[in-house]
Amino acid sequence: MNDMEKTYNPEFEQRIYDFWLKGKFFESHPNPDKEPFTIMMPPPNITGQLHMGHALDQTLQDILTRFKRMSGYETLWLPGTDHASLATEVKIVNTLREQGISKEDLGRERFLEKAWEWKNKYGGRIVEQIKRLGSSCDWSKEAFTMDQNCSNAVQEAFIRYYKKKLIYRGDRMINWCPRCKTALSDAEVEYEEQQSNLWHYHYPFVDGSGYITIATTRPETMLGDTAVAVNPKDPRYKDKIGKMLKLPLTDREIPLIADDYCEMDFGTGAVKITPAHDPNDFEIGIRHNLPQIRVIADDGTMNENAGIYAGLDRLECRKRVVEDLKAQGYLEKIEPYAHKVGTCYRCHETVESIVSRQWFVKMKPLAEPAIKAVKTKKIEFIPKHFEKTYFNWMENIKDWCISRQLWWGHRIPAYYCDKCGEMYVAKSMPTQCKCGCTTFHQDEDALDTWFSSALWPFSTLGYPKKNKNLSYYYPTSVLVTGYDIIFFWVARMIFSGLEFMEDVPFNEVLIHGIVRDEKGRKMSKSLGNGIDPLELIDKYGADALRFSLTINIAPGSDTRFSKEKLESCRNFCNKLWNASRFVIMNIKKGDELDVIPSRLNVADKWILTRLNSVIKEVTINLNKYDFGVAAAKLYDFTWSEFCDWYIEVSKTSLYSNDENQRKHAISMLTYVLTTILKLLHPIIPFITEEIYSKYHKKGDAIMVQDWPSYNRKYIFHKEEKAFEDLIELVTSIRNTRASMNVVPSKKIHIQVLTADNNLFKKFEIYLDKLAGVESVKYLNSADEADKSAVALVTALAQVYIPMGELVDPAKEKERLEKELAQAEGDIAHSENLLNNPSFVQRAPQKVIDTEKAKLEAAQNKYKKIKEQLDALK
RNA sequence: GGAGGUUUAGCUCAGUUGGUCAGAGCACUUGCCUUACAAGCAAGGGGUCAUAGGUUCGAGCCCUAUAACCUCCACCA
């Protein structure tokens, strides 16, 4: 029966995963008799490599999925990947560049062929890596944001938005990445603090009446200035408003205008206005009807409007402009200044604000119901405080720029007449324009990746086609993700779901933190502090990694990864392995397994009561997504109660000559072990499945067993207390042995004075194994005790251990006095409370009762210790 | 400039509606190859729960300030 190795070795994980796949245990089908439980996996980028963030995200989702599956839900965890428009395109462009090819050389179609080639070759990597974690998702439904389903959904959504006038095309201020050469949404810009300068220089009035000094962080944009603005109330400039200024380094003249936007106390109070390259200036430009002069080209160099500076990179131009201003006497001072600069979230190049013709989603009408859905608790964030983050973003949202100057992605379904330029938004190219022309060209741009991700909860289920999956699984149950993509993704799924499905995409959003390194730093490529989960799995096993990511985490907070924690979890697996190995090696043919015998001893009743309590707590905590607590409870129960005490105690039965006792012990041990394995399964699926298979029918899978339920029938509070008293007694004896340096092999004899000899006799058989007690002599009174014995006072009994010369009366007296003092302290504490009238009046009866019981116990103990002390004298 | 979070043992973190809540793992000390496990067993040391007030019969837990650190959002040139 026992082919288990002595040390836990997770090499069986691959075999177990194959077993699950073969059994189709992960697959889900709409079942009207069951309630669905659905999770949509946040699709990792096809360019991605598994990192610790994925590992955490996957583990939590898998725990939920496995838990709900065992709890009787029709469980679907739908996996997939994201085409990651920008990230993938950059990757392919780089690969091509190494071969000396540019994407323009290749042309759109050939480029896309290459991209699909790349996707087919590498896009599955991350999926294989996810499988190594043990994720129990339904691979038969695996989706990709650019597969037919999702593309249909994207087209449908775009067209419906457009018809409702929620998508429009226009010239707006957008964020432009000069390296990626595409527009970016506001969410895709990351702000980084940079050390820069505030350059002060002046613009002279045309009429020769002096000059006005402005301060800027971006001198090169002055070439596109079309005004200088001051606050209308600013006394310094009040009478000069409307006058014309000469723009240095150019031959242009610009007006001095008044706008409330200008703060009087910042810089010089005067702001140069560049409507084509700054979002605020853009607004001011519109208010004052100023011309927009673009001076920066798409590639980040200065364009023809920059005169002699044309062709220079914008940063080079900055230097030259400053030099020239200085040479011509305009520059006044340069002040060091730290400010935040927007950078591209992919390549971290400084983004430029540029006025450009792009596609936008009108956000206000969409945000409103999305806010309401959370306010009315149709969607709940866990932890709740993330709702504030969500509201803050949604309430201040601006229109979403969705067009990208990329090829890899969903091409915008807009077509333009070759002759008159009339635009048609449709699923396919129109055949005839109203001008009569029959040739068209499609919009060159692709959509923001997040446009398709936003549809994920229903596009993966076949939307826009009405079908069984969609109606059964939507809305999904819970979305599990990190707080870093609340804006990118969660918020957008919410308004998209409400818009197209007329229902929320999920009922709950479980937000978890990020995995940091042992110093608390974010893991990042640039820091080089990333840890490869695959290496950890190779060395310690996926179960150990999963457990280490689960135990003691608090919802929503970041967690630090440490090797020590991982090792302790691996050790736990080893412990579980060996405890199981022990139980299994004692199973004999014909033994009844996994059943609770009809007659139970005190130890059985204790472990069953404890087990029931653990079932209850683990179930409650998993239901409220408190994985850290659930894992910790299981860790403690398995190790400190089942292994340390119950198994130890049951050895007495297993090794006895009484075959009935052995059978009884095996039934109980397998029952408790199997229950533990089930409870642990969602967290550490591989090892629990492997162990389960060792003593169950071939093909039986623990992953589809029923979740253990709390059973009131097996709650025995009296025996629970009695066994805990035994633990106290044994610990007390061990403590004495240790402090007296009695080697474990040396047996001792004890004398016992107890109120319940029968109860103690039930425990007597354990004492040899647990405390090295060879014989017990029952006393009728303390007087009969050996006078030179060490005396222990416990709830169960007074125990006298004759130690012969080993006992130093002085030391023994000291020990007893210490215990006496402690008992005195306890008594004083309780008495204080109970003598306090307001406590007795206001505290609940339950609290008062326990306090009274405490007092009584302490008084008892005090009395007995006192007797010992007196006897010593 | 707003918003949120964190602060508990040497380290990493748990502490559910205020009433055995002062805990776990690792580290540390001591003794053990006790026939499941040295990735182990047993015993132990170690914390004014950031600071100062307040509410309460009772406060890591609730309230108010303060400090330190972290994160997100925001157009101050």
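Numbers restart at 1 for each chain; the letters A, B, ... are given by sequence-line order, proteins then strands.
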When you measure from the side chain of [X], which nucleotide among [options] comes out closest?
{"X": "Asn280(A)", "options": "rA77(B), rC75(B), rG25(B)", "answer": "rC75(B)"}
{"X": "Asp626(A)", "options": "rA36(B), rG15(B), rA43(B)", "answer": "rG15(B)"}
{"X": "Arg560(A)", "options": "rA77(B), rC13(B), rG19(B)", "answer": "rC13(B)"}

Looking at [X] and [N], is any side-chain donor or acceptor paired with a base atom of the opposite kind under 3.5 Å?
{"X": "Lys565(A)", "N": "rC26(B)", "result": "no"}
{"X": "Arg570(A)", "N": "rA39(B)", "result": "yes"}
{"X": "Glu648(A)", "N": "rA36(B)", "result": "yes"}

Considering only the [atom1] atoms, how many Å lie between [N] and [M], rounded to the nearest integer?
{"N": "rC63(B)", "M": "rG25(B)", "atom1": "C1'", "result": "34 Å"}
{"N": "rC62(B)", "M": "rC57(B)", "atom1": "C1'", "result": "16 Å"}
{"N": "rA67(B)", "M": "rU29(B)", "atom1": "C1'", "result": "36 Å"}
{"N": "rA74(B)", "M": "rG2(B)", "atom1": "P", "result": "16 Å"}

OP1, OP2 of [N] versus side-chain N and O of [X]: anything below 4.0 Å?
{"X": "Trp639(A)", "N": "rC41(B)", "result": "yes"}
{"X": "Lys522(A)", "N": "rU71(B)", "result": "no"}
{"X": "Asn741(A)", "N": "rU30(B)", "result": "no"}
{"X": "Lys651(A)", "N": "rA36(B)", "result": "yes"}
{"X": "Asn571(A)", "N": "rG40(B)", "result": "yes"}
{"X": "Tyr655(A)", "N": "rA36(B)", "result": "yes"}

In dot-bracket notation, what is the pairing pattern of RNA chain B, taking Watson-Crick (N1-N3 plus N6-O4 or O6-N4) and G-U wobble (N1-O2 and O6-N3) contacts under 3.5 Å, with [ ] crossing and | for other strands? (((((((..((((.....[...)))).(((((.......))))).....(((((..]....))))))))))))....
Do Tyr390(A) and Phe381(A) have ring centroids that are under 6.0 Å from one another?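 Between Phe381(A) and Tyr390(A), the centre distance is under 6.0 Å.
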Does the ring center of Phe12(A) lie less than 6.0 Å from the ring center of Trp577(A)?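 Yes.
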Per-nucleotide protein contact along nucleotides 1-7 of chain B, 5' to 3', at a 4.0 Å heavy-atom cut-off (B base, S sugar-phosphate only, - neither), is ---SS--
Which comes earlier along RNA chain B counting from the 5' end, the contact point of Val629(A) or that of Glu851(A), where each point is its nearest nucleotide? Val629(A)
Given ring pair (Phe, Tyr, Trp, His ring centres under 6.0 Å), test Phe572(A) with Phe547(A) step by step and report yes or no. CA-CA 9 Å; Phe572(A) 174 78; Phe547(A) 209 151; 5.0 Å; yes
So which of residues 261-279 of chain A are in contact with RNA chain B, with a heavy-atom cut-off of under 4.0 Å? Tyr261(A), Cys262(A), Glu263(A), Phe266(A), Gly269(A), Val271(A)
